[in-house]
Amino acid sequence: TQLLEQSPQFLSIQEGENLTVYCNSSSVFSSLQWYRQEPGEGPVLLVTVVTGGEVKKLKRLTFQFGDARKDSSLHITAAQPGDTGLYLCAGTGGGGNKLTFGTGTQLKVEL
Amino acid sequence: EAQVTQNPRYLITVTGKKLTVTCSQNMNHEYMSWYRQDPGLGLRQIYYSMNVEVTDKGDVPEGYKVSRKEKRNFPLILESPSPNQTSLYFCASSFRRHNEQFFGPGTRLTVL
């Protein structure tokens, strides 16, 4: 079973601060998805990255897939309370031909 | 509206009392799966189905059963629930296994 470790596990910041969430594995993935989950709801897809070194932007969120396709990062610029939620990465492929979810990062953005 | 529905949303039961959590999707997706979510462990896959009558074990299948008699439905069955199955359960569907997963709203299960 491939493992995806996310760090940090918890993050509490003030509105306007920047932050980076990491998703790391020892396995190579063919693609990586990022989801956000809000309380009482299921996860919702934010982005999929496929190519090593790929960078995708979604408003204030920047996603990067590592050159070796073993890791990914999510950077949020000028965080807002609406960014609060659980962020999950999920890798596909990695030799196991399945979708594996990371351990999650719980983000809280306070006013 | 395209969606995945689960019922019930909340369930409190006792050890050994069989229960079924229903899952239905209206997007004609081939792939469906069940996950459980526990603090610090992320989402772990219980069972998945590639298509009608095709199901297979995920990472944590012990104590669970599933069936896929129709494309839209994928119920999760706990024949004899135990307290360690207390968790938040999500059903998900997608066109193919590695495509975007569409999740249901979750079922919070407590087994006493």
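Naming convention: chains lettered A, B, ... in sequence-line order (proteins, then strands); numbering from 1 in each chain.
Contacts of residues 36-48 of chain A with chain B at a heavy-atom distance below 4.5 Å involve A/Gln37, A/Gly40, A/Glu41, A/Gly42, A/Pro43, A/Leu45, listed in sequence order. Within residues 41-56 of chain B, the residues that have a heavy atom under 4.5 Å from a heavy atom of chain A are B/Leu41, B/Gly42, B/Leu43, B/Gln45, listed by number. Heavy-atom neighbours of chain A within the stretch residues 14-25 of chain B, taken at a separation under 4.5 angstrom, are nonexistent.
Hydrophobic clustering, with ILVMFWY side chains joined whenever heavy atoms are under 4.5 angstrom apart, keeps B/Phe74 apart from B/Val4. Connection of A/Leu61 to A/Val21 is established within a shared hydrophobic cluster, with ILVMFWY side chains joined at heavy-atom distances below 4.5 Å, either directly or through further cluster members. B/Leu11 and B/Trp34 fall within a single hydrophobic cluster, where Ile, Leu, Val, Met, Phe, Trp and Tyr are joined by side-chain heavy atoms under 4.5 Å apart, directly or via other members. One hydrophobic cluster holds both A/Leu11 and A/Phe63 under the rule that ILVMFWY side chains link at heavy-atom gaps under 4.5 Å. Under the 4.5 Å side-chain contact rule for hydrophobic residues, B/Tyr35 and B/Leu109 do not share a cluster.
Closest of all the heavy-atom pairs between A/Leu86 and B/Gln37 is CD2-NE2, 3.3 Å.
Only the side chain of A/Tyr35 comes within contact range of chain B, with at least one heavy atom under 4.5 Å from a heavy atom of that chain. Contact annotation for B/Phe102: neither backbone nor side-chain heavy atoms come within less than 4.5 Å of a heavy atom of chain A. With a 4.5 angstrom heavy-atom cutoff, B/Arg9 touches chain A only via side-chain atoms.
A/Leu99 CG to B/Ser33 OG: the interatomic distance, rounded to the nearest 0.5 Å, is 8.0 Å.
With sequence neighbours excluded, the residues satisfying side-chain contact (heavy atoms from CB on, under 4.5 Å) with B/Asn26 are B/Ala2, B/Gln3, B/Arg72.
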